[in-house]
S.K.: 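Sharing a structure below in structure tokens format, with a few things to ask.
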Amino acid sequence: QAQLVESGGGLVQAGGSLRLSCAASGLTFSSYAMGWFRQAPGKEREFVAAINWTALSTHYADFVEGRFTISRDDAKNTVSLQMNSLKPEDTAVYYCAASGYLSFRRSAGDYIYWGQGTQVTVST
């Protein structure tokens with residue numbers, strides 16, 4: 001049974017940084033593109049970042065504006081999201097997900113395994 005477990009969320013002041021991690025088990029991690037999504041209260045889940053199975057290609061939502069970096073460590077079965085220059089509008093529950101494709105995907109429907117989410121709150 002595939003399982004994704006996020007960690008690293010918390011409360012941070014605007015302009016601060018957080019590093020989210022996602023540990024995967026029960027799947028051949030290196031064969032999956034991985035992504036991060038987020039969902040704020042009252043809003044739909046939205047794409048944040050993705051990385052393909054080789055880690056040679058990454059993709060970000062426009063709102064990231066160079067502030068976030070996605071990376072993966074296939075030896076540890078983990079994917080991370082380094083978030084810098086955080087803004088209050090980045091407040092949301094952040095989810096990692098494993099795609100059924102090798103290349104990165106923006107659509108949540110292309111992801112087959114999801115973590116339980118980790119809360120990120122950015123204060124003014």
S.K.: To the nearest 0.5 angstrom, please state how far the CG atom of Leu56 sits from the CD1 atom of Ile51.
M.R.: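 Going from CG on Leu56 over to CD1 on Ile51, the span is 8.5 Å.
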S.K.: Under a 4.5 Å cut-off applied to non-hydrogen side-chain atoms, are Ser17 and Gln82 in contact?
M.R.: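 The answer is yes; the side chains approach within 4.5 Å.
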S.K.: Between Val120 and Trp114, is there shared hydrophobic-cluster membership here, with clusters defined by ILVMFWY side-chain heavy atoms closer than 4.5 Å?
M.R.: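 Unlinked, Val120 and Trp114 end up in two clusters.
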S.K.: Quick one: salt bridge (charged side-chain N to carboxylate O under 4.0 Å, His left out) pairs with a partner in residues 18-30, sequence neighbours left out?
M.R.: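 Of all non-adjacent pairs touching residues 18-30, none passes salt bridge (charged side-chain N to carboxylate O under 4.0 Å, His left out).
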S.K.: For Leu102, what residues pass the side chain to side chain contact (heavy atoms under 4.5 Å, CB included) criterion, not counting sequence neighbours?
M.R.: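 Here the qualifying residues are Trp53.
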S.K.: Do Tyr113 and Met34 share a hydrophobic cluster, counting only Ile, Leu, Val, Met, Phe, Trp and Tyr and linking them when any side-chain heavy atoms are less than 4.5 Å apart?
M.R.: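 In one cluster with Tyr113: Met34, yes.
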S.K.: Can Phe104 and Ser57 be said to form a side chain to side chain contact (heavy atoms under 4.5 Å, CB included), step by step?
M.R.: CA-CA 8 Å; Phe104 58 73; Ser57 184; 2.9 Å; yes
S.K.: Show every salt bridge (charged side-chain N to carboxylate O under 4.0 Å, His left out) that has at least one partner inside residues 108-124, sequence neighbours left out.
M.R.: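 The answer is Arg105-Asp110.
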S.K.: Does the pair Phe47 and Trp36 meet the rule for a ring-ring contact (aromatic ring centres under 6.0 Å, His included), with working shown?
M.R.: CA-CA 7 Å; Phe47 170 79; Trp36 286 94; over 10 Å; no
S.K.: Which one of Thr121, Val12, Thr91 satisfies the side-chain contact (heavy atoms from CB on, under 4.5 Å) criterion with Leu86?
M.R.: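 It is Val12, the one option of Thr121, Val12, Thr91 that forms the side-chain contact (heavy atoms from CB on, under 4.5 Å) with Leu86.
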S.K.: Keeping Glu6 on the side-chain end and Gln116 on the backbone end, is there a donor-acceptor pair under 3.5 Å?
M.R.: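 Here the side-chain-to-backbone pair exists.
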S.K.: Could you list the cluster mates of Leu11? Members are the ILVMFWY residues connected by side-chain heavy atoms closer than 4.5 Å, either directly or through other members.
M.R.: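 Direct or chained contacts put Leu11 with none.
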S.K.: Mind checking whether Phe37 and Met83 sit in one hydrophobic cluster, side chains of I, L, V, M, F, W, Y counted as touching below 4.5 Å?
M.R.: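 No; tracing contacts between hydrophobic side chains, which count when under 4.5 Å, never links both residues.
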S.K.: Rounded to the nearest 0.5 Å, what separates atom CG in Asn77 from atom CD in Gln3?
M.R.: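 Result: 12.5 Å between the selected atoms.
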S.K.: Quick one: which residue pairs count as a ring-ring contact (aromatic ring centres under 6.0 Å, His included) with a foot in residues 83-103, not counting sequence neighbours?
M.R.: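 For residues 83-103: none.
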S.K.: Which disulfide bond (SG atoms under 2.5 Å apart) pairs, counting each pair once, include a residue from residues 24-62, with sequence neighbours left out?
M.R.: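 Those involving residues 24-62 do not exist here.
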S.K.: Working to the nearest 0.5 angstrom, can you tell me the gap between Leu4 CG and Leu27 CG?
M.R.: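 Output value for this atom pair is 6.5 Å.
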S.K.: For Ser30, check side-chain hydrogen bond (donor to acceptor under 3.5 Å, both in side chains) against everything at least two apart and list the hits.
M.R.: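 Result, side-chain hydrogen bond (donor to acceptor under 3.5 Å, both in side chains) vs Ser30: none returned.
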S.K.: Under 3.5 Å, is there a donor-acceptor pair between the side chain of Thr118 and the main chain of Gly9?
M.R.: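 A pair under 3.5 Å: yes.
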S.K.: Working to the nearest 0.5 angstrom, can you tell me the gap between Glu44 CD and Gln39 CD?
M.R.: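 CD of Gln39 is found 8.0 Å from CD of Glu44.
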S.K.: State yes or no: do Val5 and Tyr111 share one hydrophobic cluster built from I, L, V, M, F, W and Y residues joined by side-chain heavy-atom distances below 4.5 Å, directly or via other members?
M.R.: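 Result: no, two separate clusters.
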S.K.: Distance-only check: which donor-acceptor pairs under 3.5 Å involve side-chain atoms of residues 58-73, not counting sequence neighbours?
M.R.:
residue, atom, partner, partner atom, Å
His59, NE2, Arg106, NH1, 2.9
Tyr60, OH, Ile70, N, 2.9
Glu65, OE1, Lys87, NZ, 3.0
Arg67, NE, Val64, O, 3.1
Arg67, NH1, Ser85, O, 3.1
Arg67, NH1, Asp90, OD2, 2.6
Arg67, NH2, Phe63, O, 3.1
Arg67, NH2, Asp90, OD1, 3.1
Arg72, NE, Asp74, OD1, 2.8
Arg72, NH1, Tyr32, O, 2.7
Arg72, NH1, Asn52, O, 3.0
Arg72, NH2, Phe29, O, 2.8
Arg72, NH2, Tyr32, O, 3.0
Arg72, NH2, Asp74, OD1, 3.3
Asp73, OD1, Ala75, N, 3.0
Asp73, OD1, Lys76, N, 3.3

S.K.: Considering all heavy atoms of both residues, which atom of Arg38 and which atom of Ala92 are nearest to each other, and what is their separation?
M.R.: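 Answer, listing the atom of Arg38 first, then Ala92: CB-CB, 3.9 Å.
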S.K.: Sorted by first residue and then second, give each disulfide bond (SG atoms under 2.5 Å apart) pair with at least one member in residues 3-121; sequence neighbours left out.
M.R.: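 Matches after skipping sequence neighbours: Cys22-Cys96.
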S.K.: Nearest heavy-atom pair of Ser99 and Ser103: which atoms, and what distance?
M.R.: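 In this case the closest contact between Ser99 and Ser103 is OG-O, 4.4 Å.
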